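The structure appears below as structure tokens.
The structure presented is a predicted model; accordingly, all values stated were derived computationally and were not measured. Residue numbering restarts at 1 for every chain, and letters A, B, ... go by the order of the sequence lines.
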Protein chains: 2
Amino acid sequence: MRGKPTLRDVAQRAGCSITTTSNILQGRSHMYKEDMVQRVLSAAHELGYRPNATARNLARRRTTTIGVVLDPQHARITHNVYAHDVLDGVLAYLEPRDYDIRLITPRANDPAAVWRRIDNGSIDGVILIAPVMGSPLLEWRHYSSLPAVAVGSTLPDEYLLSQVDIDNDAAMATLTEWVIQQGHRAIGFIKGHPLHWSAHQRERAFRRILSQHGIPIREEWILQGDYGPESGAIAATQLLSQKDLPTAVIAANDDMAVGFMQKCRELEIPVPETISVAGFDDAYWVQRMGIQLTTIQHDRYQVGYLAAQLLLHQLETGDSRPQRILIPGTLVVRRTVAPAYALASVPTPNATILTEGGSRQ
Amino acid sequence: MRGKPTLRDVAQRAGCSITTTSNILQGRSHMYKEDMVQRVLSAAHELGYRPNATARNLARRRTTTIGVVLDPQHARITHNVYAHDVLDGVLAYLEPRDYDIRLITPRANDPAAVWRRIDNGSIDGVILIAPVMGSPLLEWRHYSSLPAVAVGSTLPDEYLLSQVDIDNDAAMATLTEWVIQQGHRAIGFIKGHPLHWSAHQRERAFRRILSQHGIPIREEWILQGDYGPESGAIAATQLLSQKDLPTAVIAANDDMAVGFMQKCRELEIPVPETISVAGFDDAYWVQRMGIQLTTIQHDRYQVGYLAAQLLLHQLETGDSRPQRILIPGTLVVRRTVAPAYALASVPTPNATILTEGGSRQ
DNA sequence: GTTCGCTATAGAAACGCTTCTAAAAACACC
DNA sequence: GGTGTTTTTAGAAGCGTTTCTATAGCGAAC
């Protein structure tokens, strides 16, 4: 016996067969005499035996390993706060169940490599982190029969992928409703990244609620962003240079909302006195920065946790029919959205004056 | 051929032996006739053959997988900004080299499980993220012969572990030197988490430089922190209630420096006018918050990158003698440290008045 | 035309485990 | 003390690769 001890070494030392050793070491000791069990156990302990995972996986035809795949778009994991939270939830569920996690970050320039690295028998299932439109990962079902759960993107049914995500539509509807309830009827919107489904879902909900309330949608107040804070600032510049201004702006996420507000501060437009701002995501750093942003809070950790749970369920039952789990978001009212009752209740002229006051540049 | 195609299926279709197939598919085709090579290649392609990684690993006795192990102390990866940056660097080096990454987050309550999950033939080497004092991971050499590189902790030699870290000592020395050059001679310090080696190294450098300049060390100005922002605030309360105040405070990291400054603002003590503050780390969120903190910037990404490089080098050469790579930090001068020349050059009374002015509470 | 020395290909033994199947041992029963 | 039944234990065939070693095939050299 040179190198690491193997099952055969243990069997030899215990004076029994490999089968017996294997069985006992796997806890199937009820079928053996106490004496035998003890001999095997102590032999294994004395040799410092540790079963070889690779050999075990080969024989069992499963690996108890889950792949976590980042969309090639989000190259560096660092700047993807979303991924961290989800990953934490995934870890929290998988770790106690003795599953391992393989981190897969495909290069954008070599999509074929993705399949070579994923569907090669080294993982049992996969969690896809926020695949964006046009991502090769979406073609999953064409290339692989491995169970997969997508998180962070509520995808169209046609992709046949199980999904866990927050309910973007419902949450944005709630937020929009609330802003309207505060008396606002002139509301702008900053859209998210055009390749993210969530961006479209949030925008659609915004438009729907406005329509339901009979509020006209002013397209010049709906600006394109990309979820980055800078795009919020750019949107601010575009919006605030207009003659006629909304009394409130909803951004499709917090980063853009903060970018927007920073530009407001530069232009000395008080938030929320002149213009109310709402975000979406309840990003950790915004709170830490001391900004009292009214926003939608949602549990990304929970998303990861449930995704892992769903995946394991599919693994165990073999039932891999696509499922969709949507987690509701929560409206968090802080201070960047002020009631517009004062404005709404007084006749138009007054409101107009205030609006114009806000548009000075 | 049911299930996924194997090497045998490909061989059968190409009408040759498994050996031939394996060789050609691995690129050793120079020893075969062009005709044969083509037959194998197209057979593999037609069947959609993908080699089974588990079987390959077993036969090759290596896995081209690196484990990234988080210290049980840092439970949730989310809140460990350090780990993200390092991980990015590790990924950047490993991914193009076709290494896979296994994320290992041991539970604190079951240290034995660590070895069961790590040293079981499923990985070729390991990167240990910031092991703290008393961590079971430090006993690495007792349990495993797997190559390992520790990052984020400059450990004593006795652990026989290879390491990549920033040069805490030199960087803190530079920072302290600079604060002194600004004319400060009354300097306080907020210590980092007592279980982190970096905390001790930074403190030691601070003390050394003060001594070298013949500046007396006032123990009542050296406060315990734990690297968290709250601990910076607590230290502020403790320090600022003293009768005699330093003109500058160096915190062992940015988080504590910001916590300290927030308390200063509450107490209406202007930074840097009354008290200068310096941090360490150049944390991303601080910049984003718009705080112009003078600090030490260091490249965590680089740390991860070099750690991966070192590990692969050890894997390839078999030379696993412990090495230590220290990366220098860079002083970033922003606005929270003001020159104290004005104070230092005038006679004591004046300075005392200013100090007292700062200590009102 | 036999032998040598190539090259191209195939056979077969690992790798370390799981698990199906069969055999041996132990026991009860008539 | 056979026979049948139930426990215990062992044998052996995979799992899908890699790779060492052996064998055809074949032209060149003697």
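Nucleotides of DNA chain C nearest to Ser22(A) and Lys33(A) differ in position, and the one nearer the 5' end is that of Ser22(A).
Regarding His30(A), its NE2 atom lies at a distance of 14 Å from the C1' atom of dT9(D), rounded to whole Å. Rounded to whole Å, atom P of dC15(D) lies 21 Å from atom CZ of Arg60(B). Remark: P of dT18(D) and CZ of Arg62(B) are 12 Å apart, rounded to the nearest angstrom. Distance, Gln12(B) CD to dG16(D) P: 14 Å, rounded to whole Å. Spacing between atom CG of Asn57(A) and atom C1' of dG16(D) amounts to 13 Å, rounded to whole angstrom units. Atom-to-atom, CG of Asn52(B) to C1' of dT17(D) comes out at 8 Å; the value is rounded to the nearest Å. For the pair Tyr32(B) OH and dG25(D) P, the computed distance is 17 Å after rounding to whole Å. The distance between atom CD1 of Ile24(B) and atom C1' of dT17(D), rounded to the nearest whole Å, is 16 Å.
A side chain to side chain donor-acceptor pair (under 3.5 Å) with Ser162(B) is found for exactly one of Gln314(B), Arg324(B), Arg321(B), namely Gln314(B). Just one of Tyr301(A), Tyr99(A), Tyr305(A) meets the ring-ring contact (aromatic ring centres under 6.0 Å, His included) condition when paired with Tyr93(A); it is Tyr305(A). For the side chain to side chain contact (heavy atoms under 4.5 Å, CB included) with Leu138(A), the lone residue among Leu128(A), Val132(A), Leu155(A), Asp71(A) that qualifies is Leu155(A).
Under 3.5 Å, the side chains of Ser17(A) and Thr20(A) contain a donor-acceptor pair of N or O atoms. A side-chain donor-acceptor contact under 3.5 Å links Thr154(A) and Asp165(A).
Residue Arg28(B) has a polar side-chain atom (N or O) positioned under 4.0 Å from OP1 or OP2 of dT19(D).
Counting all heavy atoms, side chain and backbone alike, Pro5(B) lies closest to Leu47(B) at CG-O, 3.4 Å.
Under the 4.0 Å criterion applied to side-chain N and carboxylate O atoms, Lys4(A) and Asp9(A) are not assigned as salt-bridge partners. Salt-bridge annotation for Arg39(A) and Glu34(A): absent, with no side-chain N of the basic residue lying under 4.0 Å from a carboxylate O of the acidic one.
Note that the first and last nucleotides of DNA chain C, 5' to 3', having any atom under 4.0 angstrom from a heavy atom of chain B are dA8(C) to dG16(C).
Axis angle across the helix from dG1(C)-dC30(D) to dC30(C)-dG1(D), with five pairs used at each end and values rounded to 10°: 70°.
Looking at Gln163(A) and Val151(A), their side chains never come closer than 4.5 Å, going by heavy atoms from C-beta outward.
Across all strands, Thr19(A) comes closer than 4.0 Å to base atoms (heavy-atom distances).
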